[in-house]
Amino acid sequence: MLERRHSDRFEIPGASVNYVLEDGNKAQMPMRNITHGGICIGIEHSLEKGDLVEFDEQLPGNAEFSAKRKSV
């Protein structure tokens with residue numbers, strides 16, 4: 001398989017992501033990995049193209065950041 005990613009992926013043990021969908025569904029999932037261009041998480045809910053997802057990422061040491069993104 002051809003690797004198309006332009007950034008190295010890093011795992012951060014203990015990092016998690018809270019997400020909220022437009023329809024009100026929400027969950028907390030572990031962060032699989034993070035890159036310069038984004039994060040990889042698994043989610044428990046179905047998404048349609050264009051759905052808005054709000055993320056709150058929690059890193060070890062109490063570091064946090066938030067983002068909003070439309071699904072692709």
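Scope of the values below: all heavy atoms of this structure, side chains included, with no hydrogens, waters or symmetry mates.
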Subject >> Minimum heavy-atom distance between Gly14 and Pro60, given as atom pair plus value >> reply: C-CG, 4.1 Å
Subject >> Check: Glu64 and Asp56 side chains under 4.5 Å, non-hydrogen atoms >> reply: no
Subject >> Nearest-0.5 Å distance that lies between atom OG in Ser71 and atom NZ in Lys49 >> reply: 9.0 Å
Subject >> Smallest separation among heavy atoms of Ser7 and His36, with atom names >> reply: OG-CB, 3.4 Å
**OP:** Mind running side-chain contact (heavy atoms from CB on, under 4.5 Å) on Asn18 and Lys26 for me, showing each step along the way?
**Re:** CA-CA 7 Å; Asn18 294 314; Lys26 57 186 172 182; over 6 Å; no
Original post:
So how far is it from Glu22 CD to Asp51 CG, rounded to the nearest 0.5 Å?
Top reply: 5.5 Å
Subject >> Qualifying residues under side chain to side chain donor-acceptor pair (under 3.5 Å), relative to Glu54, sequence neighbours excluded >> reply: none
**OP:** Could you work out the complete set of other residues in the hydrophobic cluster of Phe10, with links drawn between I, L, V, M, F, W and Y side chains under 4.5 Å apart?
**Re:** Ile12, Val17, Tyr19, Leu21, Met29, Met31, Ile34, Ile39, Ile41, Ile43, Leu47, Val53, Phe55, Leu59, Phe65
Subject >> Distance in Å, Glu48 CD paired with Lys70 NZ, rounded so as to fall on 0.5 Å steps >> reply: 13.5 Å
